[in-house]
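Indexing begins at 1, ligand by ligand and atom by atom, following the structure's order.
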Amino acid sequence: MKIAVVGSGYVGLVAGACLAENGNEVICIDKDPAKVRTLQRGKIPIYEPGLEELVRRNRAEKRLTFTTELARGARASQIIFIAVGTPTGEDGSADLQHVLGVARDLGRAMNGYKVVVNKSTVPVGTAARVRKTIAAETKHPFSVVSNPEFLKQGAAIDDFMKPDRVVIGAEDERAAGLMRELYAPFTRTGAPIMLMDCASAELCKYAANAMLATRISFMNEVANVCDAMGADVDQVRRAVASDKRIGPSFLFPGVGYGGSCFPKDVKAMLRFAATADYDFQILRAVESVNERQKLRLLTKVQSHLGSLKKKTIAVWGLAFKPRTDDMREAPAVPLIKGLLDAGATVRAYDPEAMKVAKGIFGNRIAYAPNSYAALEGADALLIVTEWNEFREPDFIRMRKLMKNPAIFDGRNIYNPQQIRASGFEYLSMGRP
Ligand code: NAD
């Protein structure tokens with residue numbers, strides 16, 4: 001099939017490359033000329049495992065091309081995905097200016113029947129607004145489909161190629177049929193294609209992210225109670241997770257959720273529920289627990305080390321999670337700001353997010369070339385992102401490098417007994 005994908009970010013680029021990999025002809029469109037030039041040179045502007053190779057292969061086969069020209073891409077395609085950002089607006093709602101701007105431009109570019117597929121995460125009712133916006137610009141027939149994306153950064157290709165399910169909100173049989181055909185190769189292993197109305201499809205994505213955020217905040221509160229009462233959250237988690245009704249995923253306590261999706265989607269869901277006069281009480285609590293949790297490691301360091309003035313704090317991990325360079329809403333950001341406000345010197349290391357971090361902190365923190373260099377003369381190490389390379393370090397080398405061998409582990413990656421036996425002071429989340 002001939003496909004256009006508008007927006008070449010984490011979602012659009014992965015979707016474009018994966019659709020091309022299954023034999024479609026895909027034009028990826030982005031309004032950012034620098035990004036498009038980079039992609040045309042075969043380079044990837046983000047870090048996502050496996051993506052560069054996929055893009056390179058499909059470019060070489062001429063199934064994947066990049067342009068800034070929306071009208072040209074749209075005219076050449078039958079199915080057009082909208083995968084632009086939907087950031088948090090001033091009142092907490094999803095800002096739809098990019099989505100609706102693309103819809104207007106698509107309407108102006110129409111030259112025959114098209115299926116316009118909304119892949120961006122958008123509030124209930126957006127499909128109807130997209131339909132109205134396009135219809136105001138054209139007399140050509142078209143269908144609007146809601147197809148929320150559930151990929152996880154860091155495992156995006158696998159998630160797109162082998163999804164748990166594909167959700168399609170479609171209001172006519174012609175569009176539903178084309179979408180089923182397009183996704184058939186991705187669901188060969190039996191994953192369901194779930195056809196529904198657009199409003200339900202739009203809500204699926206928010207409900208899924210809100211549920212995951214709720215599990216995280218819930219488990220963070222359990223860990224905080226463990227801290228207060230001398231229980232061990234690892235034991236509690238294992239026992240709770242073995243209940244088949246609950247299961248093991250998303251039950252690890254930590255420094256709070258971040259990233260480009262959970263914080264914004266929780267906010268947006270609260271907001272659109274409120275516009276329908278519904279107070280989503282649980283989600284309000286999920287959000288405020290998360291805000292508090294992001295600073296919990298800072299509170300632990302301060303209560304343990306006292307004043308942080310003139311202290312050097314090493315930070316391992318800046319990205320909001322491992323296997324990505326994304327620092328949008330990363331818990332490391334408020335944590336490091338808190339350390340700086342308290343007078344500490346911060347020396348940070350992340351395997352992929354250093355460039356992004358420089359854009360946020362400039363020269364207010366120091367950037368270590370590797371994990372060990374971050375520890376030189378440090379009064380404490382804070383572990384913020386659980387990259388694999390932090391899991392089995394050389395503890396003897398670490399102790400020699402640090403002025404004060406204290407580790408504050410926001411991700412519970414070490415065994416407390418073992419690490420204390422190696423001569424460290426060790427505080428983690430919800431473990432005695
Ligand atoms: P992103 O910021 O990485 O990418 C968006 C891209 O759209 C940018 O490159 C931007 O230049 C481009 N763009 C904006 N306006 C445009 C226009 N008018 N014409 C052409 N290009 C335009 O965003 P993302 O992380 O890929 O997220 C996109 C959407 O997908 C959001 O709604 C997000 O909530 C949703 N989503 C994201 C993820 C994720 O893990 N990142 C997962 C599922 C869903």
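- With 3.5 Å as the limit, one finds no donor-acceptor pair spanning the side chains of Arg411 and Thr385.
- With Ile383 as the fixed residue, the side chain to side chain contact (heavy atoms under 4.5 Å, CB included) test singles out one of Asn412, Ile413, Val315: Ile413.
- Of the residues Thr345, Ile313, Leu297, the one that meets the side chain to side chain contact (heavy atoms under 4.5 Å, CB included) test with Leu339 is Ile313.
- Comparing Leu106, Val84, Leu70 against atom 22 (C) of ligand 1, the shortest heavy-atom distance belongs to Val84.
- Atoms of ligand 1 lying under 4.0 Å from any heavy atom of Gly85, numbered from 1 in the order shown and given with element: 5 (C).
- Using a 4.0 Å cut-off to heavy atoms of Lys35, the atoms of ligand 1 that qualify are 8 (C), 9 (O).
- Annotation: atom 18 (N) of ligand 1 to nearest protein heavy atom, Val102 CG2, 3.4 Å.
- Close contacts of ligand 1 with Val6, meaning ligand atoms under 4.0 Å from a residue heavy atom, involve 19 (N), 20 (C).
- In this structure, Arg104 has no heavy atom closer than 4.0 Å to ligand 1.
- The closest heavy-atom contact to atom 35 (C) of ligand 1, among the options Thr121, Asp265, Asp159, comes from Thr121.
- Seen from the ring of Tyr113, Arg174 counts as a face-on cation partner, given the 6.0 Å and 45° thresholds.
- Across the listed options Glu149, Gln97, His98, Glu149 owns the non-hydrogen atom lying nearest to atom 43 (C) of ligand 1.
- Side-chain polar atoms of Arg63 and Asn58 form a donor-acceptor pair below 3.5 angstrom.
- Side-chain N/O atoms of Tyr183 and Asn147 include a donor and acceptor closer than 3.5 Å.
- A donor-acceptor contact closer than 3.5 angstrom links the side chains of Asp197 and Ser200.
- Residue contact check for ligand 1: Gly101 places no non-hydrogen atom closer than 4.0 Å to it.
- Counting heavy atoms only, Lys31 comes closest to atom 14 (C) of ligand 1 of the residues Lys119, Glu48, Lys31.
- At a heavy-atom distance under 4.0 Å, no atom of Pro148 approaches ligand 1.
- Not a single side-chain hydrogen bond (donor to acceptor under 3.5 Å, both in side chains) links Asn415 to another residue, sequence neighbours left out.
- Evaluated by nearest non-hydrogen atom to atom 42 (C) of ligand 1, the leading choice among Leu151, Val99, Asp105 is Leu151.
- Using a 4.0 Å cut-off between heavy atoms, Asp30 contacts ligand 1 through both its backbone and its side chain.
- Which parts of ligand 1 touch Thr86 is read off a 4.0 Å heavy-atom cut-off, strictly below it: atoms 31 (C), 32 (O), 34 (O).
- At least one heavy atom of Lys264 sits closer than 4.0 Å to an atom of ligand 1.
- With hydrogens and angles disregarded, no donor-acceptor distance shorter than 3.5 Å links the side chain of Asp409 to the backbone of Ser428.
- The single protein non-hydrogen atom nearest to atom 4 (O) of ligand 1 is Gly9 CA, 3.2 Å, given as residue, atom name and distance.
- Within the listing of ligand 1, atoms 41 (N) sit less than 4.0 angstrom from a heavy atom of Ser260.
- Atom 30 (O) of ligand 1 has its closest protein heavy atom at Val11 CG2, 3.5 Å.
- Heavy-atom contacts of Gly7 reach the following atoms of ligand 1: 6 (C), 7 (O), 12 (C), 21 (N) (cutoff under 4.0 Å).
- Among protein heavy atoms, the minimum distance from atom 39 (C) of ligand 1 is reached at Gln153 OE1, 3.3 Å.
- The main-chain N or O of Val26 is never found under 3.5 Å from a side-chain atom of Asn24 such that the two would form a donor-acceptor pair.
- Side-chain atoms of Glu48 come within 3.5 Å of backbone N or O of Gly154 as a donor-acceptor pair.
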Atom pairs and distances, donor-acceptor, side-chain atoms in residues 253-268, under 3.5 Å, two or more places apart:
{"from": "Lys264", "atom 1": "NZ", "to": "Thr86", "atom 2": "OG1", "distance (Å)": "3.3"}
{"from": "Asp265", "atom 1": "OD2", "to": "Asn209", "atom 2": "ND2", "distance (Å)": "2.8"}
{"from": "Lys267", "atom 1": "NZ", "to": "Glu287", "atom 2": "OE2", "distance (Å)": "3.1"}

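- To the nearest 0.5 angstrom, Cys28 atom SG is 11.0 Å from Gln40 atom CD.
- The shortest contact between atom 25 (O) of ligand 1 and any protein heavy atom is with Arg328 NH2, 3.2 Å.
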